[in-house]
Structures are given as C-alpha cells and as structure tokens.
Amino acid sequence: MSNIVRVLKHTTHHPSLLRYLSADATLSPTPPEPTPRPPTPPNNPTLTTQIVTILQSNDNDWANNDELRRLLFSDDSLSPPPSLYKITRDLGTTAKALKFFDYVRSHSPSPPDPPSLSSAFEAIFEIASREQPNSPSNLFKLFTDFKEHNIALTPSSATHLIRCFGRAGMVDKSLLVYKEIDPDSRNTHVRNLLLDFLLRGGLVDDAFQVLDEMLVTETVSPPNENTMDIVMAALLWRDRSGRRVSEEEIVELVSKFGIHGVFPSPVRLTQLITKLCRSGKSSSLAWNLLHNVIDSGGDVQAPSCNALLTGLGRHQQFQKMNQLLAEMKEKGIRPDVITFGIIVNHLCKFRRVDEALEVFEKMSGGSENDVFSVTPDTILYNTVIDGLCKVGRQEKGLALMEQMRLQCAPNTVTYNCLIDGFCKASEIERASELFDQMNKEGVSPNVITLNTLVDGMCKHGRISSAMEFFYEMQGKGLKGNAVTYTALISAFCNANNIEKAMQLFTEMSKEECSPDAIVYYTLIAGLTQAGRLNDASFVASEMKKAGFCLDVPSYNILIGGFCRKNKLDKAYEMLAEMERAGMKPDGVTYNTLISYFSKSGDFTTAHRVMRKMISEGLVPTVVTYGALIHAYCLVGNLDEAMRIYRDMSSSSRVPPNTVIYNILIDALCKNGKVEIALSLMDDMKDKGVRPNTTTFNAMLKGLQEINSLEKAFELMNKMTEQACNPDYVTMEILTGWLSSAGETEKLRSFVQGYEVSASTA
DNA sequence: TTAGGGTTAG
C-alpha cells in the first residue's frame, strides 16, 4: 500500500491526455436512475482479455513484459483503447488491482489521464468491498489514501462508497465522500442516496442542506419522485433523534418540490394530510398543502380529499368541507364511497338525518355512466340506519335494512344499530325480536349486541330479564365485558340493591374481566348515592390499588357525599388528597362546599369559599347563587335571598333560571308572600324563563293557602297551554282543594286536557 | 359504521 500511496502522490492532473487511456464517458454527468451502471467506455474486449491474461500469468514480472507494455500503451487510433476499469476489475483482488494501478502510473509513457485513473479506482473500491464486505473502515482507509491524490471520484465510486458507509451506519463518512464529489457532478441519484442515509441517521440539518441545493431553481440535480418519497417517508415516520421538522416546514417543502413538477404520490399526500390534521389545532396547514398540490397540477385523488374532509369535520369547519366538495366536483376529482361515508356520517352526527338521506339517495341515484355514481356499501347503509335510529326513526331504519338487502347483506353492526334504536324507544320486545331474527339469518351477535340489549333492559326496569339474558348468552359462549357489568351495576345501584351491585363487582374478576375506570366510577357514585360512604371509600382505594386515578368528578361525588353526612373532616381529607394528586377543585367542588356551609347556617364561611373560588379564576354560576338563595330562604332571610336574585338579574351576568325562581316562589309562598311570588312569575314571563311543574306546584300551594281559586284556574289554564304535565304533587293539591270547593268539574276537564294532549303527542 | 358511568342549587 505504501508504494501505491507514494506513486499516487506524484500523480497530477495532466492536460495532454493519452488517447488510448482516455475514457470520455467516465464522467457522464447524469447516469440513469435508479442504479447507474459503471461507465462503459468503448473498449476492445479481445484486447482487455489479452492484457488480463498476461497480468494474471506473469504475476511478478510485468515491468519486463514488452507485450503488456505494447498492448497497454501503444497508440493505435484504429482500435478502441483498453478499459482500465475492466482490466482492474478482472484482476479480482485488491492487492493485484493496486499493484496494477502502480504499474500503469510508473510505466505509462506520459501521465495517464485522470478520468481513467478515476475509473480504475472505481474498480478497486468494488473489489475491496467484495473482498471484505463487512469492513467499511478498510474501505474508508482506501478512500482517504485515494483522495490525497486529487483524482476525481467517478459518480459510480461515490455512489458505491456512500452506500457502503451509509449501510454500515457511518453516515458521517458518506457525507465526507459526498463532499469530495465535484458539485457539478452531484447528480440527483447520489443526492437521493445520501439524503436517505442522512434522514435515517437523524442528521436532519445536513439532509436539509443537501435538499436545499436540489430545490433551488437553477440546479443540475433537480428533485425527482424518489427524492420526494425519501423525504416524505422520513418526515412521516420520524421518531428518531435529530431536529424536529415543523409542519410548516413540511408544507413549504412540498410546495418547493412542486416548482420542479414533483408531487407526493396520492398515498403519501393522504398520509401527510392525515398527519397534519391529527396534530394541529386546525386543518389549515393540510388545507394549504392539498390546494398547493391541486393548483400546481399534482395528482390528487379522493383519498387525500377524504383525509382533509375528516380533519375539517373534526375541527368543525363545515363551510370548508362544503367548499372542498365543490372543488372536487369542479376539478373532476371523483368522490368514492368513503367520501360519501364522511358526508353522511357527519350529517348524522349533527342529527341532520334528512339531508344525510338526500345525499345517500343522490349518490346512487345517477345512471351507471354518471361519474359521481357510487354504490353504497354495508358501512354506508349502517351509518344511515344508525343516524335514523339515533333520532328515534328506527322504523325508517328497519325499512332501509330491507332496501339494503337488494345490494348487500345486513351484518352484526346493522342489527346492533337497530336493536339500540328500539331499546332507546322503550320497545324492548321489538329489539328482542330483531335479536332472534339475526340469529335465524346467521348473523352472529357480538358483545355489543349483548350490551345493547342488557342496557336496554336495565334502563327500562327489567333488571332480572337483563341478568337472565346475560347468563344465557354467557352459557352460549358470548362473554360480557366491563360495559356489560357497568350497565348491570348501575341498574342495581339505581334500584337501591347495593348488595347485588357489589356482588357483580366481585364476580367480574372471577370472569377474567377486570373492572375499568368507568366501572369504579359507577360504583363509587352508586354507593355514595345510597349513603354508603365507607363502601364508596373502600372502592376508591381498590381503584387506586388497581392503578386507576380518581378524577375531579369522582372526588366531587365523595366530597358531596361526606358533606351530606355532615362529615366535614372526611370531605377535607378528600380535598387534600385530590390536591396531592395534582387536581384542582373545580366549580362543582366549590359549589358543593358553598352549599354545605350555607345550609349549615355558616354564611361567613360560605362567602369566604366563594371569594376563594373567584380568586382561583372560577366564576360563580347560577348553581352557586342558587345554593346561597336556597340557604337564605331556609333560614327565613328572604330579603337577602331576594337581594341576591335582584343582583343576578340586574347584572345579568348570571341570569336566573327556573330553579332559582322555584326556590324563591316556594319560599315566598310558604312565608305568606303570595303576591310577590305571583310577580316573580310575571318576571319569568318577561325574561323568557319557562315555568315547570315544580313552579306551578309551589305557586298553587301558595294560592291554596289563601284560597285564591280564580288565580289557581288561571295557572291551570297556563299549564295546559304550555303542555306542562301535572304530577302527583299537583294532583294532591288540586284534588283536596277543588273537591271541597265544589269544583270537581274544573278538575275533571283539567285532567282530561292532559289525556287528550298525551294521546295526540 | 355499533355498546357503558359519575358531580353542585329546587
């Protein structure tokens, strides 16, 4: 090696080239993509073979071989010159190749031309990496020896070296090789290769420098589709070290590519848009990206638009959704079944089911040649059916399932949507019939089917049917999950059957179905509601043991529960615990405490808590004032209650609602101030606050006390007019009062009015 | 494309 280094040190670029060693094609500026072949200079195969044969057989005596000298160096302009690249390559070993290089350098009658030497070295690099494929450091040594002698790297050598070093994870060495290449010869292929390694290695800044050179308007190496794909793949799946590339930069980059007529593939564009929509607070970057590609003439297809539509929908940018759909039509971007799915789903989510049906009918209504005609699939049918069921139009949903059969078969989801629709409409029988029907049809129910029916039964007072159904399904191999248990536990808590709820909770773990946070929350709430704070605390500690956290609402439930039990110390314990867990009390927490202190008659502390609430940046709400007003009413301080009410009304920051009026009217009536109560009802009318049954009950009770029949009749008429249903309290007041006053006829027609309105409703 | 829970004033 030292010998060759010495020889090479004396090698200089020489203007007068030996014709027979020249190889003009060696430095072809832009080899074809994707893999540039080694340059193939015009050569004489017979001559090359002859030379190699001599070199191989007279291993030790090249210097004195005249034949070799003649074949290599004679100037015969009629035949093509021998190729140094091919000869070197055919020598097979690095040692021989280097020795030959040395020989040429010292025996050539005049200095060999640089391109030929470059091509010879290209062959040496190839042999070296074949000989020692796992020794990139040896290759690097060869490269450093070589570059000391100012021989230009051929593009193939450079590509080869960059690839070898890059694959070995020596990206910095790849970069060194790249810097050795004459800038005018750094073609697109070499740059793409380096770019890929730099990005994979997380050298984002170096990568961007290479990329920037490609993206300038005047460049010998413009970006191509590969460049785009390398950059996009790296940016999309980037999770490595290295500088974070902002989303603005990504969009800017794509537009720079666009100037060179290079666009992301439809798949990449869709991935990019999805990413931009998911991460940002708005979809504006994704919007700009898509429009940039459309405007510069890139290939934009429905999936990319679908991604943006989804993002716009998530950010509730409805106008933009419409605008994009109009643009798709205008630009001839054909919507697919997913596009229609997004539109229909979106309309359904906002309960605009008639419009969803309209779109649905229009999309398939066109003739077969219509470019916008798309056949709906099962998912689309299911979306519409679910939309109909969610607004209580399950009969129409059922009809749609029959229509659906002409195009595609209903599946489990179809039935689940309909079963839920009928359950929510209290038609449990119909829901069960659908369940039987699906079984007959061979559509298998899944755990969602089970849960929908169990919940439907539970919510309509059929807990034992629900349990029976659950166990029956379990016997058939359809296991429940946390959702099933939530429905049942919640139902048993509401039915005040705490033992059964706890039993189910214990049963869960036996069934290898561990409770999730919602099961714990449900149980804590149920136990607190039942006044079983010790059990609730126990479940809370079990929950924490299982690795779940209590959240602010569940702390509020417990704090409220302890307050109702008059266990302020326990409430404070919870408060301290939630703050230790890093949770701040919210408005509900403060309202709970304000309500507790004011109801205990400690108005000083109540007001202090309220000041603290305000200083924490929380705003007292109608509930806060309601708690105070209620407590002042309870202690008979109606003046203070009315003062707060007037304060609320005048500042109108917190307009009083029906509950506030109900508290005041009830208290005023109970204190014999029926006239003021009546005037509050007028205030309600003026302010557009609707009275409800409780309002009328309180007022009627007050009127009964002063036996003001005429006023009572007026109110009864108002109730009927406003379709405000009387309840058992109303009937209790009126029955006794009106019968003793001989007004049974009035009572009868009042009740009848509701029977009529109930039947027409 | 389908299923579950809990909080404060009357």
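Proteins get letters first, then strands, A, B, ... in listed order; numbering begins at 1 in each.
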Asks: From the set B:dA3, B:dT8, B:dG10, return the single nucleotide nearest to any side-chain atom of A:T694.
Replies: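 The listed nucleotide nearest to A:T694's side chain is B:dG10.
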Asks: Heavy atoms only: give me the nearest A:C563-A:T592 pair and the separation to one decimal.
Replies: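 In this case the closest contact between A:C563 and A:T592 is SG-CG2, 4.5 Å.
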Asks: Report the nucleotide, chosen from B:dT8, B:dG6, B:dA9, that has the shortest atom-to-atom distance to any side-chain atom of A:A525.
Replies: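 Nearest to the side chain of A:A525 among the choices is B:dG6.
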Asks: Can you find an N or O donor on one side and an acceptor on the other, under 3.5 Å apart, linking the side chain of A:N662 with the base of B:dA9?
Replies: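 It does not, because no donor-acceptor pair links the side chain of A:N662 to the base of B:dA9 below 3.5 Å.
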Asks: What is the separation between atom CD on A:Q394 and atom P on B:dT2, rounded to the nearest whole Å?
Replies: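 In whole Å, B:dT2 P and A:Q394 CD are 18 Å from each other.
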Asks: More than 12 foreign heavy atoms under 6.0 Å from CD of A:E468: is that the case here?
Replies: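 No - once you tally the heavy atoms of other residues, nucleotides and ligands closer than 6.0 Å, there are 12 at most.
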Asks: Just the rounded figure in Å: distance from C1' of B:dG6 to CG of A:D586.
Replies: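 Taking atom C1' of B:dG6 as the reference, CG of A:D586 is at 13 Å.
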Asks: Does B:dT1 have OP1 or OP2 under 4.0 Å away from a side-chain N or O of A:K390?
Replies: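 A:K390 to B:dT1 OP1/OP2: no side-chain N or O under 4.0 Å.
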Asks: Check every strand shown and say whether A:V622 touches a base, only sugar-phosphate, or nothing at a heavy-atom separation below 4.0 Å.
Replies: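 It contacts base atoms.
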Asks: Has A:R314 got more than 12 heavy atoms of other residues, nucleotides or ligands less than 6.0 Å from its CZ?
Replies: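 Counting neighbours around CZ of A:R314, more than 12 heavy atoms of other residues, nucleotides or ligands fall under 6.0 Å, so yes.
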Asks: Just to be sure I understand the rule, does A:N692 reach a base, reach only the sugar-phosphate, or reach nothing, if contact means heavy atoms closer than 4.0 Å?
Replies: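 The answer is base, as A:N692 lies within the cut-off (heavy atoms under 4.0 Å) of a base atom.
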Asks: Compare side-chain N and O positions of A:K424 against OP1 and OP2 of B:dT2 and report whether any pair is under 4.0 Å apart.
Replies: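 Looking at the OP1 and OP2 atoms of B:dT2, neither is under 4.0 Å from any side-chain N or O of A:K424.
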Asks: Name the closest nucleotide to the A:I660 side chain, picking from B:dG6, B:dT7, B:dA9.
Replies: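 Of the options given, the side chain of A:I660 lies nearest B:dA9.
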Asks: Between C1' on B:dT2 and CG on A:N382, what's the gap in Å once rounded to a whole number?
Replies: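 Distance check: A:N382 CG to B:dT2 C1' gives 8 Å.
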Asks: Closest to the A:P553 side chain: B:dA3, B:dG10, B:dG6?
Replies: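 The answer is B:dG6.
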Asks: Of the nucleotides B:dT7, B:dT2, B:dT1, which has the atom closest to the A:I448 side chain?
Replies: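 Among the listed nucleotides, the one closest to the side chain of A:I448 is B:dT2.
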Asks: Within this structure, what is the CD-to-P distance between A:Q529 and B:dG6, rounded to whole angstrom?
Replies: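 Taking atom P of B:dG6 as the reference, CD of A:Q529 is at 10 Å.
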Asks: Nearest to the side chain of A:V588, which nucleotide is it out of B:dT8, B:dA9, B:dG4?
Replies: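 Out of B:dT8, B:dA9, B:dG4, the nucleotide with an atom closest to A:V588's side chain is B:dT8.
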Asks: Tell me, with the steps shown, if A:N446 and A:N416 meet side-chain contact (heavy atoms from CB on, under 4.5 Å).
Replies: CA-CA 9 Å; A:N446 60 14; A:N416 288 349; 3.3 Å; yes
Asks: Rounded to whole Å, how long is the line connecting atom CE of A:M699 with atom C1' of B:dG10?
Replies: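 From A:M699 CE to B:dG10 C1': 16 Å.
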Asks: Select base, sugar-phosphate, or nothing to describe what A:T522 touches, counting heavy atoms under 4.0 Å on all strands.
Replies: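 Sugar-phosphate, no base atom in range.
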Asks: For the side chain of A:S490, counting heavy atoms from C-beta on, which of B:dT1, B:dG4, B:dG6 is nearest?
Replies: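 Closest nucleotide among those given: B:dG6.
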Asks: Report yes or no: is there a donor-acceptor pair, N or O only, under 3.5 Å between the side chain of A:N481 and the base of B:dA3?
Replies: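 Yes, the side chain and the base share a sub-3.5 Å donor-acceptor pair.
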Asks: If you take the centroid of each ring, where Trp contributes its six-membered ring, are A:F470 and A:Y485 closer together than 6.0 Å?
Replies: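 Ring centroids of A:Y485 and A:F470 are less than 6.0 Å from each other.
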Asks: Can you list, in residue-number order, the parts of residues 449-458 of chain A that come under 4.0 Å of DNA chain B, counting heavy atoms only?
Replies: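 Nucleic-acid contacts, sorted: A:N451, A:T452, A:D455.
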Asks: Using whole Å, what does the distance between atom P of nucleotide B:dG10 and atom CE of A:M648 come to?
Replies: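 In whole Å, B:dG10 P lies 14 Å from A:M648 CE.
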Asks: What nucleotide, of B:dT2, B:dT7, B:dG4, holds the atom closest to the side chain of A:V413?
Replies: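 Selected nucleotide (nearest to the side chain): B:dT2.
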Asks: Report the distance from atom CG of A:L400 to atom C1' of B:dT2, rounded to the nearest whole Å.
Replies: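 Going from CG in A:L400 over to C1' in B:dT2 covers 16 Å.
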Asks: Taking atom types as they are modelled, is there a donor-acceptor pair under 3.5 Å from the base of B:dG4 to the side chain of A:D516?
Replies: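 When only heavy-atom distances are counted, A:D516 does reach the base of B:dG4 through a donor-acceptor pair under 3.5 Å.
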Asks: Under 6.0 Å between the ring centres of A:H607 and A:F597?
Replies: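 A:H607 vs A:F597: aromatic centres not under 6.0 Å.
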Asks: Look at all strands and tell whether A:T592 reaches a base, only sugar-phosphate, or nothing, counting heavy atoms closer than 4.0 Å.
Replies: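 Sugar-phosphate contact only.
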Asks: Given B:dT7, B:dT8, B:dT1, which nucleotide is nearest the side-chain atoms of A:I557?
Replies: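 Selected nucleotide (nearest to the side chain): B:dT7.
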Asks: Using a 4.0 Å heavy-atom cut-off across all strands, classify A:N657 as base, sugar-phosphate, or nothing.
Replies: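 Base, at least one base heavy atom under 4.0 Å.
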Asks: Under 4.0 Å, heavy atoms only, any strand: does A:I379 hit a base, just the sugar-phosphate, or nothing?
Replies: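 Counting heavy atoms under 4.0 Å across all strands, the contact made by A:I379 includes a base.
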Asks: Is the number of heavy atoms from other residues, nucleotides or ligands under 6.0 Å of A:K584 NZ greater than 12?
Replies: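 Not buried by this count: 12 neighbours or fewer within 6.0 Å.
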Asks: Answer with base, sugar-phosphate or nothing: what part of the nucleic acid does A:A631 contact at a heavy-atom distance below 4.0 Å?
Replies: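 Touches nothing.
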Asks: If the condition is side chain to side chain contact (heavy atoms under 4.5 Å, CB included), which residues does A:V539 pass it with, not counting sequence neighbours?
Replies: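 A:M502, A:Y520, A:L523, A:I524, A:L527.
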Asks: To the nearest angstrom, how far is A:K459 atom NZ from B:dG4 atom C1'?
Replies: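 Result: 7 Å.
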Asks: Atom OH of A:Y632 and atom OG of A:S598: how far apart are they, to the nearest 0.5 Å?
Replies: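 So the gap between those two atoms works out to 8.0 Å.
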